[in-house]
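All remarks here apply to the structure that follows.
Quick caveat: nothing in here was measured; it's all calculated off a predicted structure. Any value given below was found using the heavy atoms of this structure, including those in side chains, with hydrogens, waters and symmetry copies removed. Each chain gets a letter, A, B and so on, in the order the sequences are listed, and its residues count up from 1.
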Protein chains: 2
Amino acid sequence: MHFGYALRRAQIAAFDAFASATAGHPITPPRYTALVILEANPGISQSALGEVLGTARSGAMMLTNWLVARGLAERRHRPEDARAWGLYLTRRGKTLLGTLKRRVLDHDQRFGAKLTPAERREFLRLLGKLAP
Amino acid sequence: MHFGYALRRAQIAAFDAFASATAGHPITPPRYTALVILEANPGISQSALGEVLGTARSGAMMLTNWLVARGLAERRHRPEDARAWGLYLTRRGKTLLGTLKRRVLDHDQRFGAKLTPAERREFLRLLGKLAP
DNA sequence: GCAAATTGTAATGCTCTATAACAATCCGAT
DNA sequence: ATCGGATTGTTATAGAGCATTACAATTTGC
């Protein structure tokens, strides 16, 4: 049995859990991750966001456009650097993220409930060794 | 820590191993999987191939077109059903798959070498519980 | 003060995939 | 035996996602 294959199967199952958690909202994993990053790093620039997400600047811009168009995030001028925007979650974005986080965490725990608590700890430890 | 997140990170690392193994060949995971399926199921139809791959019929056809254009697979008429083709690996396809399987398996084992043999067994067992 | 680097933006193209429509063929109920 | 429905392959089309490139505005370093 290949690790790559087994991992892919497990990730597909985990993605299904994510899709169930975000049903009704057009939220994809990158968009969800962007919301989490904006919450944890208020005022982050688009370039920095793209770097964290592992995508190009243009991709970060399209992602930001999407969030801004739906009123989930906003761009604010930064006094110390007129080139870069500072990105912030709006109240609506914070509210949506709060809801989604609860639902995603809930589905994630349900997904992990196929393992015993000891197995969960061990599994996460082994994942940490594989992808440091 | 979310399972989905940790799994995604590990799968990215495993994908890197796959990319190293197939460097120099324009082989993607779906194409590799298609070759494996064709080897194990000679004469399979395009629809069945698409179903196993979890993609639509049109996707299976473009995938098959790609394999046929490179001489890795061929379509043969089936006497019992004039609608469907039977798909087969060519000699060249079998040779390439043999080479790739060795290299992919080698890189997969190197990827798994970050764990001890006991950890490997345990990890695959837990993956099996998560994605039955 | 000026060259180089950084940031955001826009335009373009590529890849992958899904969807819908169509013809040919097979299947099953009558 | 026949006719309606299902299946298969095919084509065309569209859309999402992403990278690449080029450009203007701005900052930074020498």
Side-chain angles (χ1 to χ4, degrees), chain A residues 8 11-12 15-16 18-19 22-35 37-38 41-70 72-88, chain B residues 8 11-12 15-16 18-19 22-35 37-38 41-70 72-88:
Chain A
R8 180 170 146 72
Q11 210 232 328
I12 289 174
F15 179 81
D16 286 345
F18 179 87
T22 58
H25 300 280
I27 296 294
T28 60
R31 287 168 187 165
Y32 179 80
T33 307
L35 289 175
I37 292 173
L38 259 57
N41 305 276
I44 192 177
S45 72
Q46 285 183 185
S47 290
L49 175 63
E51 196 168 351
V52 175
L53 287 170
T55 180
R57 285 201 305 283
S58 59
M61 200 199 76
M62 284 189 289
L63 196 48
T64 304
N65 282 347
W66 192 90
L67 297 176
V68 170
R70 276 152 193 81
L72 304 176
E74 62 183 2
R75 295 177 167 99
R76 291 191 214 151
H77 284 293
R78 279 206 284 184
E80 72 274 16
D81 191 336
R83 295 173 303 179
W85 299 100
L87 301 180
Y88 298 87
Chain B
R8 181 171 145 70
Q11 210 232 326
I12 288 174
F15 179 80
D16 286 344
F18 179 87
T22 58
H25 299 280
I27 296 294
T28 60
R31 286 168 187 165
Y32 178 80
T33 306
L35 289 175
I37 292 172
L38 258 58
N41 304 276
I44 192 177
S45 72
Q46 285 183 188
S47 291
L49 175 62
E51 196 168 352
V52 175
L53 288 170
T55 182
R57 285 200 306 281
S58 59
M61 200 201 77
M62 283 187 288
L63 195 48
T64 305
N65 282 347
W66 191 91
L67 297 176
V68 170
R70 275 150 193 83
L72 303 176
E74 62 183 2
R75 295 178 168 97
R76 292 190 213 152
H77 284 293
R78 280 207 283 185
E80 72 273 18
D81 191 337
R83 295 173 303 177
W85 299 100
L87 301 180
Y88 298 87

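For B:Arg83, the listed nucleotide lying nearest its side chain is D:dT7; candidates were D:dT7, D:dA12, D:dT26. Considering only the side chain of B:Gln46, D:dG9 comes nearest among C:dT9, D:dT26, D:dG9. Side-chain proximity of B:Arg57 to C:dA21, D:dA19, C:dT7: nearest is C:dA21.
Proximity of B:Arg75 to B:Leu87: side-chain heavy atoms (C-beta onward) are separated by under 4.5 Å at one or more points. No side-chain heavy atom of A:Gln46 sits under 4.5 Å from any side-chain heavy atom of A:Arg57. Inter-residue side-chain proximity for B:Arg78 and B:Trp85 is flagged as unmet; no heavy-atom pair is nearer than 4.5 Å.
Counting to the nearest Å, the P atom of D:dT7 and the CD atom of B:Glu51 are 11 Å from each other. Going from atom CH2 of B:Trp85 over to atom P of D:dT8 covers 15 Å, rounded to whole Å. Here C:dT7 presents its C1' atom at 19 Å from CZ of A:Arg76, a figure rounded to the nearest Å. Across the protein-nucleic acid pair, B:Met62 atom CE and D:dT11 atom C1' stand 10 Å apart, rounded to whole Å. Residue B:Arg78 contributes atom CZ, which lies 7 Å from atom P of D:dG9 at whole-angstrom precision. Atom CG in A:Leu63 sits roughly 16 Å away from atom C1' in C:dT9 (whole-Å rounding). For A:Asp81 and D:dT28, the CG to P distance is 6 Å, given to the nearest whole Å. Taking atom CD of A:Glu80 as the reference point, atom P of C:dT6 lies 17 Å away to the nearest angstrom.
In this structure, A:Thr55 and B:Met61 both approach DNA chain D, and ranking their closest nucleotides by distance from the 5' end singles out B:Met61.
For A:Ser45 (side chain) and A:Ala48 (main-chain N/O), a donor-acceptor pair under 3.5 Å exists by modelled atom type.
Between its opening and closing five pairs, the helix from C:dG1-D:dC30 to C:dT30-D:dA1 changes axis direction by 30°, a value rounded to 10 degrees.
At the heavy-atom level, B:Ala56 lies under 4.0 Å from base atoms of the strands shown.
The distance from the CG atom of A:Leu67 to the CG atom of A:Leu38 is 7.0 Å, given to the nearest 0.5 Å.
Taking a 6.0 Å sphere around CZ of A:Arg31, one finds it holds more than 12 heavy atoms contributed by other residues, nucleotides or ligands.
For B:Ser58 against D:dT11, a side-chain-to-base donor-acceptor contact under 3.5 Å is absent.
Listed by chain and number, the residues in a salt bridge (charged side-chain N to carboxylate O under 4.0 Å, His left out) with B:Arg70 amount to none (sequence neighbours excluded).
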